[in-house]
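We name chains A, B, ... by the order of the sequence lines, and we start the count at 1 in each one.
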Number of protein chains: 2
Amino acid sequence: MSLRPGIAFLADCPALLAMEIIASKWSMVTLFALTDGPLRHGELVELSGGISRKVLTQTLRRLQANGLVERHAYAEAPPRVEYSLTDLGRTLEEPIRMLTAWARENGEAVVTFREAAQAARTIEADQATLVKTPHVDENPSRF
Amino acid sequence: MSLRPGIAFLADCPALLAMEIIASKWSMVTLFALTDGPLRHGELVELSGGISRKVLTQTLRRLQANGLVERHAYAEAPPRVEYSLTDLGRTLEEPIRMLTAWARENGEAVVTFREAAQAARTIEADQATLVKTPHVDENPSRF
DNA sequence: CCCGAAGGTTACCTAGAGGTACCTGACGGC
DNA sequence: GCCGTCAGGTACCTCTAGGTAACCTTCGGG
């Protein structure tokens with residue numbers, strides 16, 4: 001231990017537990033969608049790029065149970081339910097916004113890289129089946 | 001659709017795919033650990049607060065396959081392998097740092113809230129069992 | 001009286017995350 | 001030889017995230 005200072009904190013529990021809650025695709029998306037103001041269940045489904053209603057409900061309940069999101073149900077004619085960030089949730093706005101901005105800016109690059117790597121691995125595998133090359137170096141994908 | 005402008009992008013695919021890769025507890029922890037410089041496998045295990053060696057390897061391979069992390073194996077006496085961020089991975093430094101800082105600052109608050117809510121629900125449930133006996137027959141009318 | 005909308009819940013299923021335990025393989029020290 | 005280190009790989013297991021599909025409830029409208 002005691003490598004570079006300021007890293008070892010990773011083992012500290014509450015931070016890791018908090019990470020466990022927010023560090024999921026749907027938590028991120030949901031929290032981000034709420035950074036611009038309260039939204040209804042149906043609106044969140046539309047905005048979130050494919051989340052199912054069940055999973056959205058689960059996600060919201062989890063965020064609610066951890067004090068990041070509030071649920072307001074209005075006793076109206078067509079039942080209306082709005083979700084919004086709590087004060088604690090609002091402290092997440094900036095980090096989430098930055099991460100989302102990163103995903104928007106670099107998502108394409110990631111996908112491009114992944115596909116190139118995939119293609120490279122495929123070719124490599126083809127060569128391996130043709131000639132069993134000695135193949136010493138990295139990428140220990142067995143022969 | 002067409003609610004507040006600038007939200008609907010969430011449905012856009014590459015961003016969502018990128019989110020899927022980095023938005024996991026161990027990806028976050030691993031990437032954060034690497035923001036301060038290259039680290040070896042064993043160092044990452046120690047720093048990451050409980051990740052198993054198998055899962056660390058899986059996580060690193062996934063990040064590597066998506067162009068965020070590089071693996072350098074040195075052919076030395078005791079095999080040495082170092083992992084570092086790629087240029088693309090380095091663009092994640094700031095977002096990850098912010099999120100990690102948030103987790104460190106607010107992890108305690110989240111855990112506190114969760115435990116309070118848990119206690120409240122327990123009391124509520126106790127009252128329900130005391131007052132509401134006919135909980136049994138609330139099964140869905142199956143026919 | 002049935003329909004549709006809104007916001008759920010429930011049952012059922014699969015895929016993947018993640019853990020433990022044990023094996024490999026090259027080296028160095030004894 | 002035998003043991004220990006480092007970075008894995010593999011087998012096997014469990015648990016949950018997440019998806020589909022169906023049903024419920026309350027309302028107003030036709």
Side-chain angles (χ1 to χ4, degrees), chain A residues 3 16-17 19-30 38-66 69-84 134-143, chain B residues 1 3 16-17 19-30 38-66 69-84 135-143:
Chain A
L3 292 142
L16 212 51
L17 291 175
M19 266 297 181
E20 217 156 339
I21 294 151
I22 61 171
S24 100
K25 183 179 62 163
W26 293 131
S27 292
M28 292 282 189
V29 169
T30 304
L39 286 174
R40 306 179 56 176
H41 182 92
E43 294 171 334
L44 280 165
V45 167
E46 286 176 31
L47 291 172
S48 298
I51 194 172
S52 68
R53 283 160 19 86
K54 193 200 78 166
V55 173
L56 175 59
T57 301
Q58 284 177 354
T59 304
L60 287 167
R61 292 286 181 280
R62 188 154 40 91
L63 295 175
Q64 193 186 351
N66 288 275
V69 157
E70 274 172 343
R71 192 185 115 108
H72 292 289
Y74 301 90
E76 290 181 0
R80 189 162 66 91
V81 182
E82 279 192 352
Y83 296 91
S84 56
H135 208 10
V136 185
D137 52 25
E138 61 181 311
N139 237 339
S141 54
R142 71 249 171 136
F143 34 142
Chain B
M1 284 289 192
L3 291 144
L16 212 51
L17 290 175
M19 267 294 181
E20 217 156 340
I21 295 151
I22 61 171
S24 100
K25 183 180 62 164
W26 293 130
S27 292
M28 292 281 189
V29 169
T30 303
L39 286 174
R40 307 178 56 175
H41 182 91
E43 293 171 334
L44 280 165
V45 168
E46 285 176 33
L47 292 172
S48 298
I51 194 173
S52 70
R53 283 163 17 91
K54 193 199 77 166
V55 173
L56 175 60
T57 301
Q58 286 176 353
T59 304
L60 287 167
R61 291 289 181 278
R62 188 154 40 90
L63 296 174
Q64 192 186 351
N66 286 276
V69 157
E70 273 171 343
R71 190 185 116 108
H72 293 288
Y74 301 90
E76 290 181 359
R80 189 162 65 92
V81 181
E82 278 192 350
Y83 296 92
S84 56
H135 193 350
V136 185
D137 58 26
E138 303 209 357
N139 50 2
S141 51
R142 180 113 302 226
F143 198 83

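- Remark: B:R53 is not in phosphate contact with D:dG9, judged by side-chain N or O atoms under 4.0 Å from OP1 or OP2.
- For the OP1/OP2 pair of C:dG19 and a distance below 4.0 Å, the side-chain nitrogens and oxygens of B:S52 include at least one atom meeting the criterion.
- Looking at the side chain of A:H41, the nearest of the listed nucleotides C:dG7, C:dG18, D:dG8 is C:dG7.
- One atom, CD of B:Q64, and another, C1' of D:dG8, lie 13 Å apart when rounded to the nearest Å.
- Between the CG atom of A:L63 and the P atom of D:dA17 there is a distance of 12 Å, given to the nearest Å.
- In this structure, A:M28 places its CE atom 15 Å from P of D:dA17, rounding to the nearest Å.
- For B:E20 and D:dG18, the CD to C1' distance is 11 Å, given to the nearest whole Å.
- With hydrogens and angles left out, the side chain of A:R40 and the base of C:dG7 share no donor-acceptor pair within 3.5 Å.
- Here the P atom of nucleotide D:dG18 and the NZ atom of A:K25 are 7 Å apart, to the nearest Å.
- Counting all heavy atoms, side chain and backbone alike, A:T57 lies closest to A:H41 at OG1-CE1, 3.2 Å.
- In this structure, B:Y83 reaches the D:dG8 phosphate: one of its side-chain N or O atoms is under 4.0 Å from OP1 or OP2.
- The listed nucleotides are D:dT10, D:dG8, D:dT20; the one nearest the side chain of B:K54 is D:dT10.
- Regarding A:L60, its CG atom lies at a distance of 15 Å from the C1' atom of C:dT9, rounded to whole Å.
- Between B:R40 and B:P79, the closest heavy-atom pair is NH2-O, 3.7 Å.
- Checked against C:dG18, D:dG8, D:dG18, the side chain of B:V55 finds its nearest nucleotide in C:dG18.
- Taking side-chain N and O atoms only, A:R80 has no distance below 4.0 Å to OP1 or OP2 of C:dG7.
- In terms of heavy atoms, A:R61 sits closest to A:Y83 at NH1-OH, 3.6 Å.
- Summarising the geometry, the separation between CE on B:M19 and P on D:dG18 is reported as 14 Å, rounded to the nearest angstrom.
- The nearest pair of heavy atoms linking B:A23 to B:M28 is CA-CE, 4.1 Å.
- Contact detail for A:L16 and B:S48: the closest heavy-atom pair is CD2-O, 4.4 Å.
- One atom, CG of B:L39, and another, C1' of D:dC6, lie 15 Å apart when rounded to the nearest Å.
- Contact annotation: B:R61 reaches the phosphate of D:dG9 (side-chain N/O to OP1 or OP2, under 4.0 Å).
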